Number of protein chains: 2
Amino acid sequence: MIPEATVARLPVYLRALTALADAGIRTCSSEDLATAAGVNSAKLRKDLSYLGSYGTRGVGYDVDYLRYQIAREIGVTQDWPVVIVGIGNLGHALANYSGFRSRGFRVVALLDADPERHEEIVAGVPVRPFADLEAIAREHAVAIGVIATPAGSAQDVADQMVAAGITSILNFAPAVISVPDGVDVRKVDLSIELQILAYHEQRKAHEHARVDADDHGAAALAVGGDA
Amino acid sequence: MIPEATVARLPVYLRALTALADAGIRTCSSEDLATAAGVNSAKLRKDLSYLGSYGTRGVGYDVDYLRYQIAREIGVTQDWPVVIVGIGNLGHALANYSGFRSRGFRVVALLDADPERHEEIVAGVPVRPFADLEAIAREHAVAIGVIATPAGSAQDVADQMVAAGITSILNFAPAVISVPDGVDVRKVDLSIELQILAYHEQRKAHEHARVDADDHGAAALAVGGDA
DNA sequence: AAGAGTTTGTGAATGGGAGAACAAATCACC
DNA sequence: GGTGATTTGTTCTCCCATTCACAAACTCTT
Ligand SMILES: NC(=O)c1ccc[n+]([C@@H]2O[C@H](COP(=O)([O-])OP(=O)(O)OC[C@H]3O[C@@H](n4cnc5c(N)ncnc54)[C@H](O)[C@@H]3O)[C@@H](O)[C@H]2O)c1
Ligand SMILES: NC(=O)c1ccc[n+]([C@@H]2O[C@H](COP(=O)([O-])OP(=O)(O)OC[C@H]3O[C@@H](n4cnc5c(N)ncnc54)[C@H](O)[C@@H]3O)[C@@H](O)[C@H]2O)c1
């Protein structure tokens with residue numbers, strides 16, 4: 001049983017290993033890989049220890065071997081079929097995204113409720129009616145669905161996906177969706193990320209204001225610290 | 001000092017409150033809001049307690065009042081100017097995204113290194129040369145930058161952003177970027193999210209296989225449990 | 001073959017967040 | 001004005017994750 005926090009970092013390690021392999025590096029230490037992945041080396045080693053003992057003390061890790069082991073653990077040694085629902089601005093970008101194929105996923109269908117969008121072909125895949133979801137999902141044994149519709153439709157789309165046998169959903173719509181037990185949902189939310197940045201940005205601004213005030217001889221001792 | 005986990009949820013509460021307000025609801029309990037935000041009500045109350053005491057015991061929270069307080073805490077009562085670098089598939093979708101304006105952000109510039117993209121106008125904003133970054137960032141006092149270039153350019157773009165005075169970066173490129181202290185980076189990574197889903201999907205499949213085997217009378221006792 | 005130098009894997013300590021549970025505060029009603 | 005119902009704010013406990021630190025294991029040199 002691998003901790004959730006570790007699972008979330010394995011894809012980062014996988015990418016870093018791929019970059020190292022592309023650079024012709026065949027062996028790396030936990031320190032090297034940690035730097036490439038942007039984490040602490042102790043954390044990296046502990047994470048890898050959950051998978052097994054794939055390194056060699058005094059030497060490090062074989063890049064290709066470790067890469068295969070992580071890919072196997074994640075489950076991306078074969079391709080996963082994926083459907084995308086909502087082929088608007090974002091849906092088009094996702095459909096055109098070449099990184100899907102190279103990272104273990106294959107877009108088998110693009111679906112949209114708007115009849116005007118049907119017959120359009122995006123990145124070689126035709127846009128089909130949303131009503132075809134279940135047939136397509138069953139035919140290709142699709143387990144993963146991506147929601148790129150407006151927020152108001154997200155719950156309905158999720159319900160239909162679940163009914164079609166999809167058990168993992170990636171939701172780009174800014175809406176909380178509820179699903180039965182056994183179905184995983186992850187969300188990607190631009191506005192939330194920006195607002196988190198804005199919060200910290202605002203704190204930096206306040207901090208600067210305080211420091212500036214100090215510089216100008218204001219009553220520094222009267223201003224409380226951060227702690 | 002608000003815990004990071006709480007900061008990450010405040011935007012979710014803000015969105016839920018906006019939805020409640022749009023539905024004409026003027027007062028809500030922590031239970032109501034927690035349901036709308038998809039969290040536990042105890043967690044919600046504890047989160048809100050870091051901001052202050054904005055509820056009324058026995059009654060609940062005034063939707064508009066709480067919404068304003070959270071918006072103020074996050075820092076989205078005024079608009080933050082934002083620049084987007086890399087106006088390809090994803091950059092176009094982001095530039096066209098209407099959710100920016102309504103959530104406290106204003107796209108002041110779109111930048112791309114490719115001269116062919118210049119003179120193009122996306123969502124009313126012209127695409128300008130990447131070299132103009134510093135001038136534009138200084139002019140509009142831009143603190144937040146979005147990277148939507150290929151991974152290979154991400155570090156370079158980040159360096160230029162930092163040099164231009166940007167102190168918060170949202171990175172869509174699948175690359176680890178390093179920045180000086182005082183600069184915040186958040187990443188949005190489609191492949192990582194899909195791979196996390198794939199991991200759990202694979203585990204579900206194994207679990208089903210095990211249960212199926214049991215159903216068919218295989219040696220259940222000989223199969224190890226999960227623990 | 002032995003010792004010096006590396007690097008992994010992991011036990012132990014620390015820190016932070018999640019959730020249960022309850023006292024304090026408010027309202028509605030009489 | 002008093003009583004019961006409701007809901008917040010907070011305390012306490014537990015659990016997970018991060019980090020430190022080091023023994024075990026390996027390589028290279030002499
Ligand atoms: N564009 C972005 O950069 C961006 C960024 C962050 C989040 N988002 C979110 O992603 C979602 C999509 O954004 P967009 O800009 O592509 O919107 P869009 O309006 O361009 O596209 C939405 C598409 O979904 C389709 N659709 C609507 N209801 C549907 C249904 N029930 N079933 C199937 N298809 C349906 C529409 O026909 C349309 O083609 C929105 O929720 C948006 O908030 C977008
Ligand atoms: N398209 C998607 O749905 C999607 C999804 C997830 C992640 N991503 C990531 O987002 C990034 C952009 O994806 P895309 O599909 O839009 O790619 P794209 O190739 O369509 O667009 C990239 C744009 O960046 C510009 N660019 C390149 N180097 C630059 C530089 N140094 N300075 C300024 N501009 C530069 C290019 O001219 C191009 O216009 C990639 O890193 C990709 O991996 C995209």
Side-chain angles (χ1 to χ4, degrees), chain A residues 1-13 16-17 20 25-67 69-70 73 176 181 192 196 199-200 226-227, chain B residues 1-13 16-17 20 25-67 69-70 73 176 192 196 199-200 203 226-227:
Chain A
M1 179 76 307
I2 299 179
E4 195 52 38
T6 296
V7 171
R9 282 188 294 266
L10 291 180
V12 180
Y13 302 153
L17 285 166
L20 291 176
I25 296 168
R26 307 188 68 86
T27 295
C28 70
S29 69
S30 63
E31 197 64 46
D32 297 337
L33 183 53
T35 302
V39 302
N40 179 299
S41 71
K43 182 150 59 177
L44 169 73
R45 286 199 302 277
K46 176 147 286 208
D47 284 340
L48 294 184
S49 76
Y50 291 112
L51 310 194
S53 195
Y54 297 133
T56 307
R57 296 175 192 221
V59 178
Y61 301 91
D62 181 278
V63 171
D64 277 336
Y65 180 61
L66 183 58
R67 186 158 60 130
Q69 292 299 340
I70 293 179
E73 191 70 41
V176 174
D181 282 354
I192 288 181
I196 294 170
Y199 169 81
H200 292 295
D226 287 0
Chain B
M1 181 73 309
I2 300 179
E4 195 53 38
T6 297
V7 171
R9 282 188 294 267
L10 290 180
V12 180
Y13 302 152
L17 283 166
L20 291 176
I25 296 167
R26 309 188 64 88
T27 296
C28 69
S29 69
S30 63
E31 197 64 45
D32 297 337
L33 183 52
T35 302
V39 302
N40 178 300
S41 70
K43 182 152 57 177
L44 170 73
R45 287 199 300 279
K46 189 189 283 203
D47 283 342
L48 295 184
S49 76
Y50 291 114
L51 312 193
S53 196
Y54 297 133
T56 307
R57 295 176 191 219
V59 179
Y61 301 91
D62 181 279
V63 171
D64 277 336
Y65 181 60
L66 182 58
R67 184 158 62 131
Q69 293 298 341
I70 294 179
E73 191 69 42
V176 174
I192 288 182
I196 294 170
Y199 170 81
H200 291 294
R203 288 201 72 245
D226 288 358

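All figures in this text were calculated on a predicted structure; none of them were measured in a lab. Reckoned from all heavy atoms, side chains included, excluding hydrogens, waters and symmetry mates. So you know, we letter chains A, B, ... as the sequences are listed, proteins then strands, and number each from 1.
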Seminar exercise, completed: Per nearest nucleotide of DNA chain D, the residue lying toward the 5' end, A:G58 or B:C28, is B:C28
Seminar exercise, completed: From the candidates D:dT7, D:dG9, C:dT26, the one with an atom nearest any side-chain atom of B:S29 is D:dT7
Exercise. Taking atom P of D:dC26 as reference, at what distance in whole Å does atom CZ of A:R57 sit?
Worked result: 8 Å
Exercise. Is B:E4 touching bases, backbone alone, or none of the nucleic acid, heavy atoms closer than 4.0 Å?
Worked result: sugar-phosphate
Problem set entry | Atom-pair distance (OH on B:Y61; C1' on D:dT8), nearest Å | 6 Å
Exercise. Would you say a side-chain N or O of A:S30 is under 4.0 Å from OP1 or OP2 of C:dT8?
Worked result: yes
For this session: Mark yes or no for whether B:T6, through its side chain, and B:I2, through its backbone, hold a donor-acceptor pair below 3.5 Å.
Result: no
Problem set entry | Nucleotide D:dA25, atom C1' - distance to CZ of A:R45 in whole Å | 14 Å
Exercise. Do the side-chain N or O atoms of B:S53 get closer than 4.0 angstrom to the phosphate oxygens (OP1, OP2) of D:dG9?
Worked result: yes
Problem set entry | Spacing of A:L10 atom CG relative to D:dA17 atom P, expressed in whole Å | 13 Å
Problem set entry | Rounded distance (Å) that lies between atom C1' of D:dG9 and atom OH of B:Y50 | 12 Å
Problem set entry | Side-chain-base donor-acceptor pair under 3.5 Å for B:K46 and D:dG9 | no
For this session: Quickly work out the A:K43 NZ to C:dG9 C1' distance and round it to whole Å.
Result: 17 Å
Exercise. What are the two closest heavy atoms between A:C28 and A:L33, and how far apart are they?
Worked result: SG-CB, 4.0 Å
For this session: Take B:S29 and B:D32 through the test side-chain hydrogen bond (donor to acceptor under 3.5 Å, both in side chains) and record every step on the way to the result.
Result: CA-CA 5 Å; B:S29 69; B:D32 297 337; 3.3 Å; yes
For this session: Hey, which sits more toward the 5' end of DNA chain D by its nearest nucleotide, A:A42 or A:P3?
Result: A:P3
Exercise. Given atom CG of A:D32 and atom P of C:dT6, what is their separation to the nearest angstrom?
Worked result: 14 Å
Exercise. At their closest point, which heavy atom of B:P11 faces which heavy atom of A:I196, and how far apart are they?
Worked result: CG-CG1, 4.4 Å
Problem set entry | Euclidean distance, atom CG of residue B:L33 to atom P of D:dT7 [Å, nearest integer] | 14 Å
Exercise. Does A:Y61 have its ring centroid less than 6.0 Å away from the ring centroid of A:Y54?
Worked result: no
